**Student:** 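My structure is below; once you've seen it, I'll send some questions.
Keep in mind that this is a model prediction, so the values were computed, not measured. Throughout, a chain's letter reflects where its sequence line sits, starting with A, and its residues are numbered from 1.
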Protein chains: 2
Amino acid sequence: MPDNEKSARAKTTDLSAQIAKSIRDAILSGDLSADERLPSEAELAEQFSVSRPTVREALKRLAAQSLIRTERGAFGGAFVRRLSYKEAQAQNVTASTLLLTINDIRFDVACEARFAMERACIALAAQRRDATHLAAMRAEIDRQKDPTLTDEDFCASDVALHRALVDGAGNPVLSYHLAGSVEAMQPLMNMITFSTRSRSRIVALHTALTDALEAADAMAAESALDALQSYTLELGRDALAKRAAAGR
Amino acid sequence: MPDNEKSARAKTTDLSAQIAKSIRDAILSGDLSADERLPSEAELAEQFSVSRPTVREALKRLAAQSLIRTERGAFGGAFVRRLSYKEAQAQNVTASTLLLTINDIRFDVACEARFAMERACIALAAQRRDATHLAAMRAEIDRQKDPTLTDEDFCASDVALHRALVDGAGNPVLSYHLAGSVEAMQPLMNMITFSTRSRSRIVALHTALTDALEAADAMAAESALDALQSYTLELGRDALAKRAAAGR
DNA sequence: GACATTTAAATGCCAGACAATTAAGTGACA
DNA sequence: TGTCACTTAATTGTCTGGCATTTAAATGTC
């Protein structure tokens, strides 16, 4: 009697997966709202006619998706989690990174996607960026001038600059989506070794970009971004060629 | 002795979370590669000095993130999962939708983000779209002309058209990122009731957009998109006003 | 009234067992 | 020799029952 509408060929999914889905749907549909407490594990076990370990597996699944949080002690339990932008961005970043690394995406494809999306917010950033964003960008540029910086740190600073740019658009949804795109590039960028010459070239382009934003000159900012894209692609090609020459 | 480097105030995370993290890191770092089999639950339990239920909770966490899949039977077990674009997109969509609904984002903010990102791939789509994409877009336009379509179906068709546009850019990474942005708008769009007049207006704009892409005219496509954005915003404002007038 | 103590309700974790599933091995029979 | 049924072993899925730990509230004590 428990399996009513799965007559077709439901592949007999795990009970814990079914229960997780059931609760997830309740959250998504709004039947359970943020910070609301779920029944205790024992109660859920009874409701779904399964054992407590099975319920626990289901709850862990939901916890892994940041849909719930659990607290111990009396009056503890599982609570529907209010997903913050920050956490959502972090998750987006890991998911995007995973996709890019596990499917070994070509550098130029990822690069094209990233710059295309960044171009999407340049006009808005030119209008709306405030002193904080500009200062953050300039601070990163200063860091990038430090010749003792490792390539990895240089890369990280590059990412930070671009994230400041994205935030300058003043649209949190846009920031959320772009964070994944920008950060996920970092592992790929880390293939590149930055010479002194290429670093100063990048710093110059970053400066031009920041100046353009400060001047609210969207056109200039866009061409700086274009130049940055072609140069990044060039560096990527070189790195790839060097790798190939070195015998994989 | 088990808590060495968590001296600070590690909030004593769950064992299952720690184990999940440990395995996740191994996957992310490439120590475990796609389709590789993890040790059995019993072996993992021994390795980590925990019980099997605890290991299982950890594995369910990973399964919830699509990092592993499990098979039953002899020579079954947990396998590192090769994340496909399709699945990744689906996850991205649910995550984005959740973020937008749970934090009740303002319509105009989400709308701005979506159109900004879509504008990012218009130039590429104008260059690279092939007959398939154009046909898909025209098919959706035809559907949208059907007056018996419910508002929800009209909305779904709108989303389908835009996804075809995005795919026309021929960059899977871009498609991945934009899928979340475009689809997550659907619940918000469903607030809107489409009059006959607004439907025909939208169809006209969609047609102009598709024509421009077919003619590889990026400029024209961009202005069609701009017009679509302002009209969508207008409809959103109306819907919101009507709601407010109806007493919430 | 403030502080210490107890208590109850949860989650966290474990041990051991049995059921279900699946691929590989084994053997009988044509 | 080849094929089909059967057995076997490994592994995940699930259950039962229990103990440890944590936490807030209730209770008691000074």
**Student:** Can you find a side chain N or O atom of B/Thr54 that sits less than 4.0 Å from OP1 or OP2 on C/dC14?
**Tutor:** yes
**Student:** Looking at A/Thr70, does any N or O in its side chain come under 4.0 Å of the phosphate oxygens OP1/OP2 on C/dG12?
**Tutor:** yes
**Student:** Both B/Leu15 and B/Gly73 contact DNA chain C. Taking the nearest nucleotide for each, which residue is further toward the 5' end?
**Tutor:** B/Leu15
**Student:** In whole angstroms, how far is the P atom of D/dG13 from the CG atom of B/Leu59?
**Tutor:** 9 Å
**Student:** Round to the nearest Å and state the distance from B/Arg69 atom CZ to C/dT21 atom P.
**Tutor:** 19 Å
**Student:** Separation of A/Arg56 atom CZ from C/dC14 atom P, in whole Å?
**Tutor:** 10 Å
**Student:** Just the rounded figure in Å: distance from P of C/dT22 to CZ of B/Phe75.
**Tutor:** 15 Å
**Student:** Between P on C/dA15 and CD on B/Glu46, what's the gap in Å once rounded to a whole number?
**Tutor:** 11 Å
**Student:** Are side-chain heavy atoms of A/Phe107 and A/Leu188 found at a separation under 4.5 Å?
**Tutor:** yes
**Student:** Report yes or no: do A/His133 and A/Arg128 form a side-chain donor-acceptor pair below 3.5 Å?
**Tutor:** no
**Student:** Nearest-Å distance, CG (B/Leu38) to C1' (D/dT11)?
**Tutor:** 14 Å
**Student:** With DNA chain D as reference, determine whether A/Val50 or A/Ala74 sits nearer its 5' end, using the nearest nucleotide of each.
**Tutor:** A/Val50
**Student:** Can you see whether A/Asn92 engages A/Ser96 through a side-chain donor-acceptor pair at a distance of less than 3.5 angstrom?
**Tutor:** yes
**Student:** Nearest 0.5 Å, what's the CG-OG1 distance between B/Asp14 and A/Thr70?
**Tutor:** 5.5 Å
**Student:** Side chains of A/Ser66 and A/Gln91: is there a donor and an acceptor less than 3.5 Å apart?
**Tutor:** yes
**Student:** Starting at atom CG of B/Asp14, determine the distance to atom C1' of D/dT22, rounded to an integer number of angstrom.
**Tutor:** 12 Å
**Student:** Please tell me which of the listed nucleotides, D/dT11, D/dC15, D/dG13, lies nearest to the side chain of B/Lys60?
**Tutor:** D/dG13
**Student:** Got a donor-acceptor pair under 3.5 Å from the side chain of A/Arg72 to the base of D/dT21?
**Tutor:** yes
**Student:** Decide yes or no, distance alone: a donor-acceptor N/O pair under 3.5 angstrom between the base of D/dG17 and the side-chain of A/Arg52.
**Tutor:** no
**Student:** If you assign B/Arg37 and A/Ser51 each to the DNA chain D nucleotide with the nearest heavy atom, which residue ends up on the more 5' nucleotide?
**Tutor:** B/Arg37
**Student:** Rounded to whole angstrom units, what separation is found between the CD atom of A/Glu57 and the P atom of D/dT12?
**Tutor:** 12 Å
